[in-house]
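Every chain is numbered from 1, with letters handed out A, B, ... down the list of sequences.
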Number of protein chains: 2
Amino acid sequence: MEEKIKTTKSKLQPVPEPTVRRMPNYLTFLKELQKSGEQYISAPVIAKILNLDPTQVVKDLSYTGITGKPKVGYVVEDLLNLLEDFLGYNRQHEAFLVGAGFLGGALIQYQGFREAGLKIVAAFDVDKKKIGTEIAGVSIFDLKNFRNLASRIHISIGIITTPASEAQSVADIMVVCGIKAIWNFAPVSIWVPEHIIIQDTHIYSNLAVIINKLGQTNNDK
Amino acid sequence: MEEKIKTTKSKLQPVPEPTVRRMPNYLTFLKELQKSGEQYISAPVIAKILNLDPTQVVKDLSYTGITGKPKVGYVVEDLLNLLEDFLGYNRQHEAFLVGAGFLGGALIQYQGFREAGLKIVAAFDVDKKKIGTEIAGVSIFDLKNFRNLASRIHISIGIITTPASEAQSVADIMVVCGIKAIWNFAPVSIWVPEHIIIQDTHIYSNLAVIINKLGQTNNDK
DNA sequence: CAGTGTGAAGTTGTTCACAGCA
DNA sequence: TGCTGTGAACAACTTCACACTG
């Protein structure tokens, strides 16, 4: 349905990662805006509210393929659709989650992932007490069954919310089972083959930034 | 506060944020390494394991003030201490958390924050069923009491794990109570005065990166 | 003219190249 | 020779400047 030819028109290839990271912010803002019934929205207004540079917003949004009207801005409805399209919120990605602890549970329960195109279809753990139970309708299986289930359901994303010590071995299983992307919440770097997409969400990195900034201003009056 | 940033006498100002974000990764790796009894570690080895550029590692580590021995590397023990020093893991920062839902609970329970210098001393919610209970020894109070408690305990960090709709008003309370930094997990941008440090941890940004990368490679092969 | 859209300049962070050292 | 340490080249991202448009 879509060409992979490298015509000049094709928008797909080179989206800067920082832009991608901002896209969901635009989307959440626009959803809120739509509720208030606004028809149009301009980049400078978005920029002010999200605390960004106006030109940045214009450039970011252009990646969705939107075209705005000078002096007025963009049609909210159109922009919303193009953003959801860009972010892939329309297609469903199915995921297996390993590590049904507090964080894993939080992710499973997280409202909003569904409409963001992510569906956690099963969870796994090694804790006998957790196996057989379910969280928010998602069954928790023995990790030993991962391979078995993965062979039957085609899963593109694996989520790791295990303790650090288990993360690498879980990743290995995921790779063997043909998972294409791994979302790692364990506070260690894991190693995977080149072609696997890996996204680390290291909570300590964020904490480090906060504490570092606090330290820089702590002698201020 | 209108004027340009004054150079502080004590520490060198300019540590790149990406460097700060990588620091905890070095630390966790080194802690693991220390268990295995290694005395020395070199930048190229760290780089290989953490999948980074060797020069990058050298530059990053130099911000801690470490000096290594050519051909051998760095003394693990020293590097560990300097990293903990850099990251402020030695001083304790106390935090209030608002929103004792799944994510909030996960953070409270999160082992490791303590040794990373973050102590969540109290949690708040508006849900009557949660108020009065506790999670992992942390009491959950009525949000109405936030101001009262904040006036008695000196808190530098506020953590927001509420639904999006509540985030801004909670942030406002935090600002009024003199909190210096806000760690925001709600999926919206919140607005705070210039001098407040704000760190957004938007889970959707990470998801967006994964799905975007998946989309780029799905027509491969 | 207030806003879009885009090429150019500026800034920040990463990678290279090489000097110095044990 | 293998590693540290650093200035310089490079790449990525952001901000600026300005032409264009309703």
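Atom CD1 of I41(B) is separated from atom C1' of dG2(D) by 14 Å (rounded to the nearest Å). If you take CE of M23(B) and C1' of dG13(C), they are 14 Å apart, rounded to a whole angstrom. Distance L50(A) CG to dT14(D) C1': 16 Å, rounded to the nearest Å. Counting to the nearest Å, the P atom of dT14(D) and the CG atom of L61(A) are 13 Å from each other. In this entry the distance linking CD1 of I66(A) with C1' of dT6(C) reads 18 Å, nearest Å. Between the CD atom of E17(B) and the C1' atom of dT14(C) there is a distance of 16 Å, rounded to whole Å. As a whole-Å value, the separation of I46(A) CD1 from dA2(C) C1' is 15 Å.
Side-chain atoms of Y26(A) and V57(A), non-hydrogen and from C-beta on, do get closer than 4.5 Å to each other. Between L79(A) and L61(A) the shortest side-chain heavy-atom distance falls below 4.5 Å.
For E32(A), the salt bridge (Lys or Arg N to Asp or Glu O under 4.0 Å) partners at least two apart in sequence or on another chain are K35(A). For E115(A), the salt bridge (Lys or Arg N to Asp or Glu O under 4.0 Å) partners two or more places apart in sequence, or in a different chain, are K31(A).
Note on R22(A): every side-chain N or O is 4.0 Å or more away from OP1 and OP2 of dC13(D). Distances shown here put every side-chain N or O of R21(A) at or beyond 4.0 Å from the OP1 or OP2 atom of dC13(D).
Looking at residues 73-80 of chain A, you'll see G73(A), Y74(A) sit with a heavy atom under 4.0 Å from some atom of DNA chain C.
Within the nucleic acid shown, P54(A) has no heavy atom closer than 4.0 Å to any nucleic acid atom. Residue T19(B) is classed as having no contact, given no heavy-atom separation below 4.0 Å to the nucleic acid. Counting any heavy atom pair closer than 4.0 Å across all strands shown, S62(B) reaches no nucleic acid atom.
Residue pairs meeting the side chain to side chain donor-acceptor pair (under 3.5 Å) criterion with at least one member in residues 158-171 of chain A, sequence neighbours excluded, are Q168(A)-D172(A). Every pair passing side chain to side chain donor-acceptor pair (under 3.5 Å) that includes a residue from residues 183-197 of chain A is listed here, sequence neighbours excluded: W183(A)-T201(A), N184(A)-D200(A).
Around CD of Q39(B), the count of heavy atoms belonging to other residues, nucleotides or ligands within 6.0 Å does not exceed 12.
Of the candidates dG5(D), dT4(D), dG13(C), dG5(D) carries the atom nearest the T67(B) side chain, counting heavy atoms from C-beta on.
Taking CD1 of I160(B) as the reference point, atom CZ of F124(B) lies at 13.0 Å (rounded to 0.5 Å).
Ring geometry for Y204(A) versus Y89(B): interplanar angle of 30 to 60°, hence tilted.
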Query raised in the report: For every nucleotide of nucleotides 15-22 of chain D, 5' to 3': is a protein heavy atom under 4.0 Å from its base (B), only from its sugar-phosphate (S), or from neither (-)?
Result: BB----BB
